J.: 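I'd like to ask you about the structure that follows.
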Amino acid sequence: MSEVRPLSDAVEAKPAALPLRSVLPAFALDVVLAITLSFSTLMLGLVGWAAWQGIRIAQQQGGAPDAQALQAQLGTPPVLFLIVTTLVSTGGTALVLYVWRRRATPVERRESHDRLRLPGTWGWALGAGLATFVFSTVMSASGRALGLDLEPSNLELIRDGFARFPVFLALFAVVLAPLYEELLFRRVLFGRLWQAGWPVLGLVLSSLVFALVHELPGLNGKPLGSTVFLILVYAGMGAIFAWVYRRTGTLWAPIAAHILNNAIALAVLQVYGGAPV
């Protein structure tokens with residue numbers, strides 16, 4: 001998970017960028033694989049839960065209920081199951097794509113560890129984490145002043161999860177989610193275009209994918225204007241994380257920044273009952 005750009009990219013003579021006709025298809029394949037793997041794993045978990053619940057209900061009633069009665073009795077999966085399923089589906093996808101498509105070389109890992117010893121690395125990570133929180137707070141306040149619904153789609157799940165499983169939810173939101181999201185969106189997606197000589201394009205596209213994963217139009221139950229605004233907020237956050245990754249040369253910097261942002265946001269949520277995006 002620790003890596004920097006290869007040494008050949010650090011020399012003064014900037015290498016020629018690879019042609020987009022060869023780079024973009026690889027990026028698109030990464031995105032398609034990420035969607036396919038995460039969605040398949042998520043659906044497999046939901047189907048498995050529904051099957052297990054159906055069997056349990058049939059045993060309790062001494063026979064299989066009709067389809068409508070079964071659907072009514074199934075209800076919704078418990079919050080802990082939803083959180084764990086999200087962790088397995090998205091986190092597993094990030095790990096698979098990292099190992100399969102964008103694994104760091106020994107040289108990259110060594111250079112990343114060297115960057116961790118630099119005080120500047122942690123200074124940039126701290127600054128990026130605070131900047132991300134301030135950016136999302138200001139943007140959220142601006143959107144709400146315009147009358148937009150900017151409550152994140154996953155906020156209710158986070159509230160419910162923290163009320164029932166505070167330690168696990170804090171671990172998931174503050175540590176685990178930043179780890180696998182940075183591995184997927186910054187190392188795999190942004191890193192592919194950065195290494196190919198298209199860092200700005202990589203920052204834009206990977207940040208857009210990052211935003212759409214959090215707020216997908218038509219599926220988040222919000223008006224289009226609110227959804228577009230939320231996408232801009234998440235994309236801005238992703239851009240800051242990608243920037244600090246490139247600035248420091250180690251993936252641990254955006255991970256640290258992401259952890260700091262999520263920790264502050266979760267603390268604000270608990271104190272004030274609401275949180276910026």
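This is a predicted model, so every value here is computed, not measured. Index from 1, following the sequence.
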J.: Distance from Leu269 atom CG to Leu155 atom CG, nearest 0.5 Å?
T.: 5.5 Å

J.: Is there a donor-acceptor pair under 3.5 Å between the side chain of Tyr234 and the backbone N or O of Leu208?
T.: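 No: the side chain of Tyr234 does not pair with the backbone of Leu208.
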
J.: side-chain contact (heavy atoms from CB on, under 4.5 Å) between Leu169 and Val174: does it pass, once the steps are laid out?
T.: CA-CA 8 Å; Leu169 192 281; Val174 176; over 6 Å; no

J.: Any idea which heavy atoms bring Ala125 and Ala253 closest together, and the distance?
T.: CB-O, 3.6 Å

J.: Parallel, tilted or perpendicular: which describes the rings of Phe185 and Phe210, with under 30° parallel and over 60° perpendicular?
T.: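 Judged by the thresholds at 30° and 60°, the geometry between Phe185 and Phe210 is perpendicular.
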
J.: Taking Leu37's backbone N and O only, do any of them form a donor-acceptor pair with Ser40's side chain (distance below 3.5 Å, no angle check)?
T.: no

J.: At what distance, to the nearest 0.5 angstrom, does CG of Leu205 lie from CZ of Phe27?
T.: 4.5 Å

J.: Could Arg144 and Phe229 be counted as a cation-pi pair, given that NZ or CZ must be under 6.0 Å from the ring centre and within 45° of the axis?
T.: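 No; the conditions do not both hold, so Arg144 does not lie above the ring face of Phe229.
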
J.: I'd like to know if the side chain of His113 reaches the main chain of Arg109, judged simply by a donor and an acceptor atom lying under 3.5 Å from each other, with no hydrogens or angles considered.
T.: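 At least one qualifying donor-acceptor pair exists.
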
J.: For residues Ser206 and Leu193, determine if any side-chain heavy atom of one lies less than 4.5 Å from a side-chain heavy atom of the other.
T.: no

J.: Please find the pair of heavy atoms, one from Gly238 and one from Ser207, that lie closest to each other, and give the distance.
T.: C-OG, 3.3 Å

J.: May I ask you to check whether Trp252 and Trp122 place their ring centers less than 6.0 Å from one another?
T.: no

J.: Nearest 0.5 Å, please: how far is OG1 in Thr227 from CG in Leu216?
T.: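 Separation between the atoms: 9.0 Å.
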
J.: Should Leu29 and Leu24 be counted in the same cluster of Ile, Leu, Val, Met, Phe, Trp and Tyr side chains packed under 4.5 Å apart?
T.: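 Hydrophobic grouping puts Leu29 with Leu24.
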
J.: Has Lys222 got a side-chain atom pairing as donor or acceptor with Pro152's backbone, closer than 3.5 angstrom?
T.: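 Answer holds: no.
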
J.: Give me the atom names and distance for the closest heavy-atom approach of Arg187 to Leu183.
T.: CB-O, 3.1 Å

J.: Is a side-chain donor or acceptor of Arg101 paired with a backbone partner of Ala26 at a separation under 3.5 angstrom?
T.: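 Confirmed, Arg101 side chain pairs with Ala26 backbone.
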
J.: How long is the straight-line distance from OG1 of Thr85 back to CG of Leu80, given to the nearest 0.5 Å?
T.: 9.0 Å

J.: Hey, any chance Leu146 and Leu150 share a hydrophobic cluster, counting ILVMFWY side chains that come within less than 4.5 Å of each other, even indirectly?
T.: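 Shared cluster, yes.
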
J.: Ignoring hydrogens, what is the shortest heavy-atom contact between Pro178 and Ile259? Give both atom names and the distance.
T.: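 It is CB-CG1, 3.8 Å.
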
J.: With a 4.0 Å cut-off on N to O distance, would you call Arg164 and Asp160 a salt bridge?
T.: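 Here Arg164 pairs with Asp160 in a salt bridge, since their nearest N and O are under 4.0 Å apart.
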
J.: Strictly by salt bridge (Lys or Arg N to Asp or Glu O under 4.0 Å), give each pair with a member in residues 189-201 just once, sequence neighbours left out.
T.: Asp30-Arg192

J.: Should Leu232 and Trp243 be counted in the same cluster of Ile, Leu, Val, Met, Phe, Trp and Tyr side chains packed under 4.5 Å apart?
T.: no

J.: So do the side chains of Leu266 and Ile158 get within less than 4.5 Å of each other, counting heavy atoms only?
T.: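 They are in side-chain contact.
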
J.: Does Thr137 offer a backbone N or O that forms a donor-acceptor pair with the side chain of Ser140 under 3.5 Å?
T.: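 Side chain of Ser140 to backbone of Thr137, a donor-acceptor pair under 3.5 Å: no, none is there.
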
J.: Okay, side chain of Ser38, backbone of Ile35: is any donor-acceptor separation there less than 3.5 Å?
T.: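 Judged by distance alone, yes, a pair lies under 3.5 Å.
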
J.: Indicate the atoms forming the closest heavy-atom contact of Leu184 with Ala94, along with that distance.
T.: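 Heavy atoms of Leu184 and Ala94 come nearest at CB-CB, 3.7 Å.
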
J.: Hey, are Arg102 and Glu108 close enough for a salt bridge, meaning a charged N less than 4.0 Å from a carboxylate O?
T.: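 No salt bridge links Arg102 with Glu108.
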
J.: Do Glu215 and Ser153 have side chains that approach each other closer than 4.5 Å (heavy atoms only, starting at C-beta)?
T.: yes

J.: Under a 4.5 Å side-chain heavy-atom rule over Ile, Leu, Val, Met, Phe, Trp and Tyr, are Trp198 and Val200 clustered together?
T.: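 Different clusters.
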
J.: As an exercise, state the distance from CG of Leu97 to CG of Leu189, rounded to the nearest 0.5 Å.
T.: 8.0 Å

J.: Give a yes or no on whether the backbone of Phe133 and the side-chain of Ser136 come within a donor-acceptor separation of less than 3.5 Å.
T.: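 Between the backbone of Phe133 and the side chain of Ser136 there is a qualifying donor-acceptor contact (under 3.5 Å).
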
J.: Kindly check if the number of other-residue, nucleotide or ligand heavy atoms within 6.0 Å of CZ (Phe81) is above 12?
T.: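 More than 12 within 6.0 Å, yes.
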
J.: Report yes if the side chains of Ser142 and Val138 come closer than 4.5 Å at any heavy-atom pair, otherwise no.
T.: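 Touching, per the 4.5 Å side-chain cut-off.
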
J.: How close do Asn262 and Ala173 get, heavy atom to heavy atom, and via which atoms?
T.: ND2-O, 2.8 Å

J.: Could you state the interatomic distance from CZ (Arg115) to CG (Leu251), rounded to the nearest 0.5 Å?
T.: 13.0 Å

J.: Does any N or O in the side chain of Ser226 come within less than 3.5 Å of the main-chain N or O of Asp149, such that one atom is a donor and the other an acceptor?
T.: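 At least one qualifying donor-acceptor pair exists.
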
J.: Could you tell me whether the side chain of Tyr245 reaches within less than 4.5 Å of the side chain of Thr250, counting heavy atoms only?
T.: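 A side-chain contact is absent here, since even the closest heavy-atom pair is not under 4.5 Å.
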
J.: With side chains defined as the heavy atoms from C-beta onward, is the minimum distance between Met237 and Asn261 less than 4.5 Å?
T.: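 The answer is yes; the side chains approach within 4.5 Å.
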
J.: Linking I/L/V/M/F/W/Y whenever their side-chain heavy atoms sit closer than 4.5 Å, directly or via other members, would Leu44 and Ile83 fall into one cluster?
T.: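 Different clusters.
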
J.: Tell me, do Tyr180 and Leu87 make a side-chain contact under 4.5 Å, heavy atoms counted?
T.: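 Side-chain contact under 4.5 Å: yes.
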
J.: Under 3.5 Å, is there a donor-acceptor pair between the side chain of Thr121 and the main chain of Leu116?
T.: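 Absent.
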
J.: Side-chain contact, heavy-atom cut-off 4.5 Å: Phe241 with Ile255?
T.: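 No, every pair of side-chain atoms sits at 4.5 Å or beyond.
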
